[in-house]
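Counting starts at 1 for both ligands and their atoms, in listed order.
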Amino acid sequence: MKFWLAFAALLFAVPAAAQVAQDNIINAGVAEATSPDGQIKLQLVLNGEGRIGYQVTRGPQPVITESHLGFLFADAPQMLRNFTFVAATRASKDETWQQPWGEWKTVRDHYNELAATFQEKDKLRRIVRIRVRLFDDAVAFRYELPAQPNLKTANITEELTQFQIAEPGDAWWSPAFESNREEQLYNHTPIDGIGQAQTPLTMVTRSGLHLAIHEAALVDYAGMNIGRVQGRQLKAMLTPSSSGPAVVRDTPFETPWRVILITPDAPSLYAANAEFLNLNEPNKLGDVSWVKPRKYVGIWWGMHLDQQTWATGPKHGATTAYAKKMIDFAAANGFTGLLVEGWNKGWDGDWFATGWDFRFAENTPDFDIAAVSKYGLSKGVHLIGHHETSANIANYEAQLGAGLDFAKRYGEDTVKTGYVADAGGVQARLPDGRISFEWHEGQIMSRHHLKVVTEAAKRHIAIDSHEPIKDTGLRRTYPNWVSREGQRGMEYNAWGVPKNPPSYDTAMIFTRMLGGPFDFTPGILSLKGKGDTPIPSTLARQLAYYVVIASPVQMAADLPENYEANRAAFQFIKDVAVDWDDTKMIAGKVGEYGVFARKERGKPTWFMGGIADEQEHRLSLALSFLDKGARYRAEIYRDGDTANFRTNPRSIVIEQRTVTAADTMPIRLAPGGGFAVRFVRLGR
Ligand code: NOJ
Ligand code: CA
């Protein structure tokens, strides 16, 4: 009987246009909540088919119109319609907490929460709870699947989460599921031109609302991508697994938070990235004073230029003698870390191909790690470990403990991990012993990364992952997960074709950077890649990156001889901080330019930096972020008046001025340019 009722309901619902109208009429708003400032409102609804949905407004303006929620399972009927509302609870929070390192010392966590429970009316009577949090600049929701007789294990093939964007507008997005993993150029299209996108996915609507869709607390689940269904209707697309459903979890469990940042302008969109931290659990590691923000140099760029090799042989970069030379350079210039790549067994031959040869506790014969590490520590320079896995996590996990113990033994307090392989090329060991090929952002990798991070934490080692899973704020819970890559870094400017165009960077700071720290490896003062090919950047822009791109580990990536040849500009790289009390984006336009001011952690010193796309931008920047009444020496590194990344990239003006918070600073950002300033507080 019930089957026939359901069937009849389906029949009635068939004509698409009619269905929309009908849904609107019989929709029942079951519960709603507003942000603390009352501006943003989220309403949970049940439509005539018993589908759970939500809609979001900001002030009078619709942001997300009715969008549905649900799941497809591999071994059970979909969880989609025929729900009834059971009950709702509410909560609120207004707390501040401190980050051990990061863009802000103090973060405010201020939200109203609503948790609504729904149950299927018949048959399986499965239960789902939708927990919603509203901040002044974001909405977030997650699914909670309680323990229940008819859903012991959820074998999720699809998460049916929709985002129906109310207004037309522009979108900046990086394509998902492409061969080069998360490292793509950005597309800038109308919202209804989005294809399959990674998150963060950023949009500016016709009326000027700035939106970004991303997720928080990606734990033991598949990473979410966004696909466009039709028009401005977007939906979650879970990263698949080749070894079964995208996600396999026993109940009870909860999904990551699905988050939509909603702000009036570009600077407030950037600031809203703190909500990803708020949506993660507090620090589980206790005292993390052993996590040391720092700048580092490396035996690295030379390999990307093809001047040195990772493999042993006549051009091997990681030799005892060269490492000692690099330690001298680091110590002489105040850097406390030296990354050495190609130090271990496994690089000879086609390392990219399988990764089976990598050994994480075995150095090459020409690299005396004991001697190098001892020499470094005597000069205050720690080795930064390098664990390139070629995404063979089966091989890596089998050696993980031994590899990290080895790192610890040689004073490595940070290890850079690497997962180079084409998309879908992660090799994982299944419980039955077979090897499966997986995506970099699948459930298996969400587990793997936390395994590495927690094993490293036991040994007081920080992790900087390259070709990683995306950042969803887990650094709050595991503050030793200090940085990662996850987009195109500077290395693309070594290799070329295409290099990162200036507008890649200005899209990246409003998309990828919302997720968290990026080990971008800036500071190529030669402005030259492999074979002396030009890097699309002015000289001042290379300095600006240190302020614009936050990361508690920042590399001075160029070769020492290029720093020696550019001493005046290099001074800024030596002076710049990497850990902050406060961060403000003080001017910005998505895709066009962005200017940040950041105050050094525990010091009165401020830094400011900005970068441009391919166009010139003239800005007048208020210095009101400085302490009122104080005088500062502004050490300015700006594009020369005729600087241009195409025609005159090396033109730079380095000058000093005395300024106060009452001043404004006129700045010309050259095409492909940038600027950087250190504000040193002066006595009276
Ligand atoms: C890619 C990383 O991003 C790069 O920094 C590293 O040098 C190579 N993989 C080799 O591990
Ligand atoms: Ca990379």
Side-chain angles (χ1 to χ4, degrees), residues 174 178-185 198 296-312 315-318 326 337-355 357-360 364 367 383-393 395-396 403 407 412 414-423 425-426 440-441 445 449 452 463-471 482-496 498-500 504 508 512 517-524 529-530 545 549 551 553-559:
S174 188
E178 288 301 317
S179 69
N180 224 18
R181 310 167 301 266
E182 281 58 55
E183 298 170 14
Q184 311 292 332
L185 292 175
Q198 301 179 41
Y296 69 100
V297 293
I299 301 183
W300 181 77
W301 185 243
M303 276 87 100
H304 291 275
L305 294 178
D306 264 357
Q307 294 177 4
Q308 293 170 312
T309 56
W310 284 277
T312 55
K315 291 198 319 186
H316 191 206
M326 286 299 294
L338 171 66
L339 168 72
V340 180
E341 297 200 355
W343 67 274
N344 61 331
K345 290 245 170 91
W347 293 94
D348 298 348
D350 191 1
W351 61 271
F352 190 98
T354 69
D357 296 339
F358 280 122
R359 296 291 170 269
F360 302 98
T364 59
F367 183 69
L383 288 179
I384 294 181
H386 185 228
H387 290 180
E388 174 58 62
T389 66
S390 289
N392 187 328
I393 66 168
N395 182 52
Y396 187 37
E412 297 176 357
T414 307
V415 169
K416 168 179 169 177
T417 57
Y419 297 88
V420 171
D422 291 328
V426 169
H440 281 71
E441 293 197 328
M445 287 308 272
H449 283 286
V452 172
I463 294 293
D464 167 17
S465 4
H466 281 233
E467 303 79 39
I469 197 164
K470 67 175 110 175
D471 195 334
V482 286
S483 198
R484 73 186 86 195
E485 197 180 43
Q487 249 301 345
R488 292 165 62 113
M490 185 61 80
E491 60 194 16
Y492 280 80
N493 290 334
W495 313 332
K499 297 187 190 288
N500 298 334
Y504 161 80
M508 182 262 286
R512 162 66 185 81
F518 185 173
D519 185 27
F520 183 77
T521 65
I524 303 301
K530 197 151 75 177
Y545 285 132
I549 299 176
S551 175
V553 289
Q554 283 281 25
M555 189 177 203
D558 210 341
L559 305 175

Task: Interfacing atoms of ligand 1 (cut-off 4.0 Å, heavy-atom, His386) - done: 11 (O)

- [ ] Give the residue and atom name of whichever protein heavy atom lies nearest to atom 5 (O) of ligand 1, and the separation in Å to one decimal.
- [x] Lys416 NZ, 2.6 Å

TODO: List every atom of ligand 1 that sits less than 4.0 Å from any heavy atom of Glu388, numbering the atoms from 1 in the order shown and giving each element.
DONE: 9 (N), 10 (C), 11 (O)

Open item on the list: Just by distance, no angles: are the side chains of Tyr545 and Gln554 close enough, under 3.5 Å, to form a donor-acceptor pair?
Closed with: no

Task: Given Thr521, Asp519, Thr414, the one that forms side-chain hydrogen bond (donor to acceptor under 3.5 Å, both in side chains) with Tyr296 - done: Asp519

Open item on the list: As a test of understanding, state which of Phe360, Phe367, Trp347 forms a ring pair (Phe, Tyr, Trp, His ring centres under 6.0 Å) with His386.
Closed with: Trp347

Open item on the list: Below 3.5 Å, N or O to N or O, backbone or side chain included: is there any such pair between Trp351 and ligand 1?
Closed with: no

Task: Salt-bridge contact Arg512-Glu182 (side-chain N to carboxylate O under 4.0 Å) - done: no

- [ ] Specify the protein heavy atom at minimum distance from atom 7 (O) of ligand 1: its residue, its atom name, and the distance to 0.1 Å.
- [x] Glu341 OE1, 2.5 Å

Open item on the list: Can you report which non-hydrogen protein atom sits closest to atom 1 (C) of ligand 1, along with the distance?
Closed with: Glu467 OE2, 3.0 Å

- [ ] Output, in order, the C-alpha distance, side-chain angles, deciding distance and verdict of ring-ring contact (aromatic ring centres under 6.0 Å, His included) for His304 and Trp310.
- [x] CA-CA 10 Å; His304 291 275; Trp310 284 277; 5.1 Å; yes

Open item on the list: Against ligand 1, does Phe352 come closer than 4.0 Å with any heavy atom?
Closed with: no

Task: Donor on one side chain, acceptor on other, Asp348 and Thr312, under 3.5 Å - done: yes

Task: Contacting atoms of ligand 1, where contact means under 4.0 angstrom from a heavy atom of Val420 - done: 1 (C), 9 (N)

TODO: Report the part of Met303 (side chain from C-beta onward, or backbone N, CA, C, O) that has a heavy atom under 4.0 Å from ligand 1; answer both or neither where that applies.
DONE: neither

TODO: Measuring from the Ca ion (ligand 2), name the closest N, O or S atom belonging to Glu491.
DONE: OE2

Task: Distance-only side-chain donor-acceptor flag, Ser551 / Ser483, under 3.5 Å - done: yes

Open item on the list: Do Tyr419 and His440 pair up side chain to side chain, a donor and an acceptor below 3.5 Å, judged on atom types alone?
Closed with: no

Task: Enumerated ligand 1 atoms positioned under 4.0 Å from heavy atoms of Glu485 - done: 3 (O)

Task: Step-by-step ring-ring contact (aromatic ring centres under 6.0 Å, His included) determination, Tyr396 to Phe358 - done: CA-CA 8 Å; Tyr396 187 37; Phe358 280 122; 9.6 Å; no

Open item on the list: For the Ca ion (ligand 2), give me the closest N/O/S atom belonging to Glu467, just the atom name.
Closed with: OE2

- [ ] Heavy-atom contacts with Trp347 under 4.0 Å: which atoms of ligand 1 show up? List them by number with element.
- [x] 10 (C), 11 (O)

- [ ] Among all protein heavy atoms, pick the one closest to atom 4 (C) of ligand 1 and tell me residue, atom and distance.
- [x] Glu491 OE1, 3.1 Å

